[in-house]
Amino acid sequence: MPVVMDAERISRALTRISHEILEHNRGLSNLALVGVRSRGVPIAQRIAGDIHKITGEEVAVGALDITLYRDDLMGASVGVAPMVRKTEIPFSIDGRTIVLVDDVLYTGRTTRAALDALTDFGRPKSIQLVVLVDRGHRELPIKADYVGKNVPTSRQESVQVHLRELDGVDEVLLQGKG
């Protein structure tokens with residue numbers, strides 16, 4: 001499997017994204033990061049760490065589970081229970097700029113589910129989207145504000161993101177199918 005991003009490239013991409021977030025938002029006033037479970041959470045935490053290194057300020061970080069908001073569960077087999085994990089947003093999102101963080105942007109359906117889930121917690125001033133990898137093939141009109149790397153793919157390929165916090169290694173792999 002070809003390695004699209006190694007640990008160093010992932011780190012550099014997240015540092016660049018952190019700078020872009022600060023520049024676009026002119027600081028941290030009323031900003032919070034919310035990672036989509038599971039790999040969006042450690043990415044959000046790393047961005048928060050980078051922002052702290054750059055500014056010396058802390059930024060709030062939350063975790064969002066979107067399992068029950070996914071439209072692909074509607075066709076799930078009878079008796080198959082989805083694995084629901086915990087949403088942890090220990091702050092009000094009302095009136096805040098929320099930076100939603102995920103690992104891969106593909107069809108846009110996961111992001112749509114995340115937007116639905118997030119707005120059940122309140123009414124943010126605005127929502128911005130960070131993805132480590134944008135692989136194309138959108139089915140919904142969704143575009144990331146901050147992208148670590150654009151990786152053109154075929155629909156038969158998959159992008160596998162491995163993070164040290166969950167998988168013991170930092171890498172992005174492109175896996176062919178067939």
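Just so it is clear, the model here is predicted, and its values are computed rather than measured.
- Side chains of L118 and I98 form a contact here, defined as non-hydrogen atoms less than 4.5 Å apart.
- Under the 4.5 Å side-chain heavy-atom criterion for ILVMFWY residues, no single connected hydrophobic cluster contains both V133 and V131.
- Side-chain contact between I21 and Y146: present, with at least one pair of heavy atoms (C-beta onward) separated by less than 4.5 Å.
- Side-chain contact between F121 and T87 is present, with at least one heavy-atom pair separated by less than 4.5 Å.
- In this structure, D102 CG and T110 OG1 are separated by 6.5 Å, a value rounded to the nearest 0.5 Å.
- Put simply, CG on L163 and CG on D103 are 7.0 Å apart, with the number rounded to the nearest 0.5 Å.
- Minimum heavy-atom separation, D134 to G136: OD1-N, 3.0 Å.
- In this structure a side-chain-to-backbone donor-acceptor pair under 3.5 Å is missing from S11 to A7.
- Taking the side chain as every heavy atom from C-beta outward, H137 and T153 approach each other to under 4.5 Å.
- Clustering ILVMFWY residues whenever any of their side-chain heavy atoms sit less than 4.5 angstrom apart, transitively, puts I17 in the very cluster that holds L22.
- Considering only heavy atoms from C-beta on, S154 comes within 4.5 Å of E157 through its side chain.
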Derivation and outcome, side chain to side chain contact (heavy atoms under 4.5 Å, CB included), residues V104 and R135 = CA-CA 7 Å; V104 178; R135 63 167 290 193; 4.0 Å; yes
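- A continuous path of hydrophobic side-chain contacts links V101 to L14 [ILVMFWY only; heavy atoms under 4.5 Å].
- Atom OH of Y106 sits about 7.0 Å away from atom CD of E139, to the nearest 0.5 Å.
- In this structure, R123 places its CZ atom where only 12 or fewer heavy-atom neighbours from other residues, nucleotides or ligands lie under 6.0 Å away.
- Taking every heavy atom of both residues into account, A117 and L64 meet most closely at CB-CD1, 4.0 Å.
- Looking only at side-chain heavy atoms (C-beta outward), M5 and L132 come within less than 4.5 Å of each other.
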Would you check, one step at a time, whether the test side chain to side chain contact (heavy atoms under 4.5 Å, CB included) holds for D94 with K125?
-> CA-CA 7 Å; D94 290 330; K125 175 183 171 196; over 6 Å; no
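- Looking at F91 and I93, their side chains come closer than 4.5 Å, going by heavy atoms from C-beta outward.
- Across every non-hydrogen atom of A63 and I89, the tightest pair is O-CG1, 3.9 Å.
- Of the inter-residue distances, the one linking I10 atom CD1 with H162 atom NE2 reads 10.0 Å to the nearest 0.5 angstrom.
- When all heavy atoms of G108 and I142 are compared, the closest pair comes out as O-CD1, 3.2 Å.
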Cut-off 3.5 Å, no hydrogens considered: what does the side-chain donor-acceptor table look like for residues 27-44, sequence neighbours left out?
| residue | atom | partner | partner atom | Å |
| --- | --- | --- | --- | --- |
| N30 | ND2 | G95 | O | 3.2 |
| R37 | NE | K86 | O | 2.5 |
| R37 | NH2 | K86 | O | 3.1 |
| R37 | NH2 | E88 | OE2 | 2.5 |
| R39 | NE | V161 | O | 2.9 |
| R39 | NE | D167 | OD2 | 3.2 |
| R39 | NH2 | D167 | OD1 | 2.7 |
| R39 | NH2 | D167 | OD2 | 3.1 |

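- Atoms CD and OG1, from Q128 and T97 in turn, are 6.0 Å apart once rounded to the nearest 0.5 Å.
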Kindly determine whether E171 and D6 satisfy side chain to side chain contact (heavy atoms under 4.5 Å, CB included), including the steps that lead there.
-> CA-CA 5 Å; E171 64 185 4; D6 58 15; 5.8 Å; no
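- Here E165 pairs with R46 in a salt bridge; the nearest charged N to carboxylate O distance falls below 4.0 Å.
- Residues A114 and I66 approach most closely at CA-CG2, 3.5 Å, considering heavy atoms.
- Hydrophobic clustering, with ILVMFWY side chains joined whenever heavy atoms are under 4.5 angstrom apart, groups V130 together with V159.
- No path of Ile, Leu, Val, Met, Phe, Trp and Tyr side chains, each step under 4.5 Å between heavy atoms, connects L174 with V3, placing them in separate hydrophobic clusters.
- In this structure, R16 does not pair ionically with E23, as no charged nitrogen and carboxylate oxygen lie closer than 4.0 Å.
- Checked by atom type and distance alone, the side chain of H52 never pairs as donor or acceptor with a backbone atom of I47 at under 3.5 Å.
- Residues T119 and L115 have side chains not in contact (no heavy-atom distance under 4.5 Å, counting atoms from C-beta outward).
- To the nearest 0.5 Å, atoms CZ (R164) and CG (D170) are separated by 5.0 Å.
- Counting heavy atoms of neighbouring residues, nucleotides and ligands inside a 6.0 Å radius, atom CZ of R9 does not exceed 12 of them.
- In this model, a donor atom of one side chain and an acceptor atom of the other lie less than 3.5 Å apart for Q160 and S158.
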